[in-house]
Amino acid sequence: MISLKIVTWNINSVRLRIGLVAKFLAEFKPDILCLQETKCPNDKFPEEPFKALGYGHIAFFGQKGYHGVATVSRIPIDSQNRRDFCNKGDARYLATTFSSEGAFAPVTVHNFYVPAGGDVPDVNANPKFAHKLEFIDEMTRCFSAGGDLATERQVLVGDLNIAPHQNDVWSHKQLLKVVSHTPVEVERLGKLQAAGRWHDVVRTHIPTDTKLFTWWSYRSRDWRSSNRGRRLDHIWASAALEGRSSNVRVIDAVRDWERPSDHAPVLAEFDVS
DNA sequence: ATGGTCGGCAACCGA
């Protein structure tokens, strides 16, 4: 069996938290780490610390100040693909393909940072919310039958900034009008999932009757006791890989490390042999 | 009902 351990983590500045990332890699040893919100221009990406830890294969798509995604790996990156969704000049999507030099059939990992969407869930009053929905719709077109990103063995990870199920938020009722859990967003995400025939690998292993969060706001004194979280970070897989997934978990202990990101890493393992 | 905290980068924007 050849196993691929994949982690997605919104790091909220890769340069500020490079020490946390190093600690995480040493402890959990994923094969592939997908980061979002790197907030790091390409010419300033901290490649050396990753290389020193054995993660010598690095792809990044960043910009100054905001957004940015990166995928770092212990195994070679066969190819990579950046794309400017919604043509706004935002660095929010990076795909990488792996085969370990032919040891297994190619697997493509799509790493997304979907726009948060601002505060008001109204496309007319709030251009950021309109942008978020347009971004999801463009994803849907790309992964539909005949779409240019559809392949057979693929994983989609990232901060999708939507918590679809009732138990993906601390209070379904209180968050129905809060951006990230509104019915219009949940419906759009469902369309993307259906069009791309994606399987929510995390909910395959941790059923929807269980509360599960990956993000807790900085604006609370004690995030764990108040536990007002949301599941914004996701790992999806195509049918070919969903049945080969295991070891799925949210590593929430990391949210308690010193100067943490407000997001916790999400981990899944796939038998790719 | 409201405000609460971060990071980047140099006044606020985005989350």
* Asked: How long is the line joining CZ of Arg228(A) and P of dG3(B), in whole Å?
  -> 16 Å
* Structure fact -> note: Leu20(A), atom CG; dC6(B), atom P; distance rounded to Å ~ 14 Å
* Within less than 4.0 Å of OP1 or OP2 of dC6(B), is there a side-chain N or O belonging to Arg259(A)? -> no
* **Whole-Å gap separating C1' (dC6(B)) and CH2 (Trp223(A))** => 16 Å
* To do: May I ask you to verify if any side-chain N or O of Ser13(A) is less than 4.0 angstrom from the OP1 or OP2 atom of dG8(B)?
  => yes
* Ignoring hydrogens and angles, tell me if any N or O in the side chain of Asn81(A) forms a donor-acceptor pair with the backbone of Ala95(A) under 3.5 Å. => no
Can you pull every protein N or O that's under 3.5 Å from an N or O on nucleotides 12-15 of chain B?
from, atom 1, to, atom 2, distance (Å)
dG14(B), OP2, Lys128(A), NZ, 3.3
dA15(B), OP1, Arg92(A), NH2, 3.3
dA15(B), N6, Arg219(A), NH2, 2.8
dA15(B), N1, Arg219(A), NH2, 3.1

* Asked: On a whole-Å scale, what distance lies between the C1' atoms belonging to dG14(B) and dA10(B)?
  -> 15 Å
* For Ile18(A) and dG8(B), give me the distance from atom CD1 to atom P, rounded to whole Å. => 13 Å
* For residues His57(A) and Phe98(A), establish whether the separation of their ring centroids is below 6.0 Å. => no
* To do: Take the protein atom CD of Gln63(A) and the nucleotide atom P of dG7(B), then report the distance between them rounded to whole Å.
  => 19 Å
* Are Asp31(A) and Arg74(A) ion-paired here, with the side-chain N under 4.0 Å from a carboxylate O? -> yes
* Asked: Do Ile18(A) and Leu35(A) belong together in a cluster built from hydrophobic side chains that touch within less than 4.5 Å?
  -> yes
* **Any donor-acceptor N or O pair under 3.5 Å, side chains Trp223(A), Asp256(A)** => yes
* Decide whether Glu152(A) and Ser238(A) meet the rule of one side-chain donor and one side-chain acceptor closer than 3.5 Å. => no
* To do: Could you work out the separation of dA15(B) and dG3(B) based on their C1' atoms and round it to a whole Å?
  => 16 Å
